[in-house]
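What follows is a short report on a single structure.
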Protein chains: 2
Amino acid sequence: MSWNQQIGKKFNKQQILNYIFSKRIVSRGEIIEEIGLKKATVANLVTELIEDQLIVEDGKDFSTGGRRSQLLRFNETAGFALGIDIGVNYLYGAVFNLKGEIVFDNLQLVPTIQLDAYLKSILNLIELLMENVPPSPFSIVGLGVAVPGSVNKDGVIIIAPNLRWEDFDIRGYLRNRFDFPIYISNEANAGAYAEYIFENNKETSNLLYLSIGIGLGVGIIIDHNIYLGVNGYSGESGHAIIHMNGRKCTCGRNGCWEAYASEYALIHDATYMLKERELSLEQLITLAEEGHEDVIQLFKETGYYIGLGITNLIQTFNPEKIIIGNRIIKAQKFIEQSILDTINSNTMHFQRDNYSVQFSTLKDRAIALGAASFIIDQFIQLPFD
Amino acid sequence: MSWNQQIGKKFNKQQILNYIFSKRIVSRGEIIEEIGLKKATVANLVTELIEDQLIVEDGKDFSTGGRRSQLLRFNETAGFALGIDIGVNYLYGAVFNLKGEIVFDNLQLVPTIQLDAYLKSILNLIELLMENVPPSPFSIVGLGVAVPGSVNKDGVIIIAPNLRWEDFDIRGYLRNRFDFPIYISNEANAGAYAEYIFENNKETSNLLYLSIGIGLGVGIIIDHNIYLGVNGYSGESGHAIIHMNGRKCTCGRNGCWEAYASEYALIHDATYMLKERELSLEQLITLAEEGHEDVIQLFKETGYYIGLGITNLIQTFNPEKIIIGNRIIKAQKFIEQSILDTINSNTMHFQRDNYSVQFSTLKDRAIALGAASFIIDQFIQLPFD
DNA sequence: TAACTTTGTTCATCCAATAGACAAACAAAT
DNA sequence: ATTTGTTTGTCTATTGGATGAACAAAGTTA
């Protein structure tokens, strides 16, 4: 790769757009200070961005003793992205503006895990979403789909254990039917990206997102990028072994982290303990809230296992931030302290500097937003030619 | 950060230099094809690089039917880097040319682990190395020091367990005494960088280097860069737990990978088994070569533990290449098959695509070379002003 | 109303890449 | 030896960015 003036210009324009995107509302003066370009250059590039309809002028700042500065705002309705979260018994889709705000959404339950049935519902859902996209200069900028399983870099679902799907080229399938950009990701990576792009984590250069639902996956952000590995299978740390010859895992091996720290493991243990069938996470939380000591203890243990695995990740990554997301956050108040205590007693003092463990505040919509956020980011990164 | 023409020019010049560095000998035509710049531009920048003494013209290529092209060679003697490997009972230092070849080296045993004694020896070693640097345009481009412990980004040794050093600002100490650039790294990161820069791994974008000696550390290369984490403590995967409540580790906790897969663990087990004191890795290898079944079995078990930890790393990183280095490679023939078998039976089929596990071929000099390679790379990256 | 401050625009200048013309070096055929 | 064609390398005018400086516009304060 080589540089030329066009690339340089694009880079500067991109810097300005990124800055406005992250700050939402800024003056030309702030851009000059932040990016380091000169007045004339900023003025030219800002004019172009306004012509591109990616930003708009919006009101004036207070005066600091002279002419008031014209404020600039990111144009969040320049286009809209579709995001779909494929769950094990549900489908959730939403239309997001470029700021990640929901404009329209739809949740439906899918009574089977058959691929055919899912595909039919997905197509219907996409049609429904498309009908509800407001008119805008760029219209639909793309579709992001999050899958509970391993996806390779070509958008092929290699394996989705709980859906029992294998080797299905979902991106190809959708590309044949729609002509906007389509990006397929796994749910942990989607969650990680949503946190990175939309939760003020743009300054965090390395971040781990733990998606703890039925299973456990990790989304890894390193140096401001999602880290996918060679093929796209990074973050399968749920199947890292934390106890040799330990509990049987759904993957067939023994002692995986996921076999101890997941909704599946929790419910498995609770079923055994309470001798009841068909327990749900929500029921267990209710029991804990009612003061059921054994259930509270169970949550504590799960917290211990989660914490132990996080410790392993800290040893390996020395991350800046760890965010816990997905269904487990409903049990936050019963597991948080136990997680933090475990991390504290299993790391060395210097490993505890400059890092934080927190729970996601994006809740249910996080995965669909994350799926869409890849598309939004792609759009923001390359809107010029 | 913003772009301007000077930065653009520097970028292009850098691309050319990097290409010549990696290929060692190229024609202008190859540069034009590889980098994508035009004839005149390449000619100008190459002229500058020759004036900078970073490359030299060296012979002519065969003709392909017209004028023969002038070949360009990286000037490996433009300057020299010093590399020091601080071991637990030895000090090894070397003078490297910019291609990473040893020009002079020195190994000395240090009979104590006292910091004061080490520092004295280190200062003497540096003086000795300096006296043996050949005259050259850039002279000494810097000093790299590799430490068997955790080092933060400011070059402070936070903890070196086997030396019992804590919180010592070695970079500050050396900076007060020498005025060339100084870079402190831990031994796993040094090994990883040596493999990346000097073993034709420049195309590998993510690579894990396992330093298995007394302890176990991991050097991580992601997206062509060493990954240090927030503070510099990444790669302490030796203290990731693979067996809850398992063997006591030197760190005070139980079940760390290092407690199963390291020279320390191996010798500990062998001592127990053979009821002999003062065993060494070399002795065990001799026993295995003589056909001692129990010792051979012991190596196999160690291979199993190493493989299990590597599996965990594969789950998390989906890496392109894993290189095993440091003292354990002496036992390669007794552990390799067991490592590969373990990985094979513990990963899923798709995780076995596009990756390779191999043993380092750099041997003893790897760590010092790695330490120096940070300096060499820094020099190659920023020789202009 | 005048003086001053800050913001935003216009225009000539600078600089690196580049296209295209040209020169140099070589092989192969005549 | 000469001619022709090909490849390498250089020279020069042009292009398209950033930028400094002058200037215009829009404020505040006395």
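Each chain gets a letter, A, B and so on, in the order its sequence line appears, and its residues count up from 1.
Side-chain rings of A:Phe11 and B:Phe11 stay apart, their centers remaining 6.0 Å or farther from each other.
The nearest whole Å value for the distance from the CD atom in A:Glu30 to the C1' atom in C:dT6 is 14 Å. In this entry the distance linking CD of B:Glu48 with C1' of D:dT10 reads 16 Å, nearest Å. Between the CD atom of B:Gln6 and the P atom of D:dA18 there is a distance of 12 Å, rounded to whole Å. Atom CD in B:Gln14 sits roughly 14 Å away from atom P in C:dA17 (whole-Å rounding). Put simply, CD1 on A:Ile31 is 14 Å from P on D:dA18, counting in whole angstrom units. The distance between atom CZ of B:Phe62 and atom P of D:dT7, rounded to the nearest whole Å, is 18 Å. We find that CG of B:Asp61 is positioned 12 Å from P of C:dA27, with the value rounded to whole Å. Atom P of nucleotide C:dA19 and atom CD1 of B:Ile32 are separated by 12 Å, given to the nearest angstrom.
With D:dA18, D:dG27, C:dA16 as the candidates, the nucleotide lying closest to the side chain of A:Arg68 is D:dG27. With D:dG9, C:dA16, D:dT19 as the candidates, the nucleotide lying closest to the side chain of A:Leu37 is D:dT19.
Side chain of B:Asn318 to main chain of A:Asn231: a donor-acceptor pair is present (N/O by atom type, distance under 3.5 Å, no hydrogens or angles). Without hydrogens or angle criteria, A:Asn206 side chain to A:Asp223 main chain gives no donor-acceptor distance under 3.5 Å. At least one donor-acceptor pair under 3.5 Å links the side chain of B:Asn97 to the backbone N or O of B:Gly100.
Along DNA chain D, the nucleotide nearest B:Thr47 and the nucleotide nearest B:Gln5 are compared for position; the residue whose nucleotide lies closer to the 5' end is B:Thr47. Between A:Gln70 and A:Asn4, the residue anchored closer to the 5' end of DNA chain C is A:Gln70, taking for each the nucleotide with the nearest heavy atom. Each of A:Leu71 and A:Trp3 lies near DNA chain C, and the nucleotide nearest A:Leu71 is the one positioned closer to the 5' end. Residue-to-nucleotide proximity on DNA chain D shows that, of A:Lys9 and A:Gly65, the 5′-proximal contact is made by A:Lys9.
Counting any heavy atom pair closer than 4.0 Å across all strands shown, A:Gly8 reaches no nucleic acid atom.
Applying the 3.5 Å distance criterion, the base of C:dT7 shares a donor-acceptor pair with the side chain of A:Arg67.
Contact check for B:Ile35 versus A:Ser2: side-chain heavy atoms found under the 4.5 Å cut-off. B:Leu37 is not listed as a side-chain neighbour of A:Asn4, based on a closest heavy-atom distance of 4.5 Å or more.
Shown for residues 38-46 of chain B: residues whose heavy atoms fall under 4.0 angstrom of DNA chain D, namely B:Lys39, B:Ala40, B:Ala43.
Between B:Phe374 and B:Tyr193, the two ring planes are parallel [angle under 30°; tilted spans 30° to 60°].
OP1 or OP2 of D:dG9 sits under 4.0 Å from a side-chain N or O of B:Arg28.
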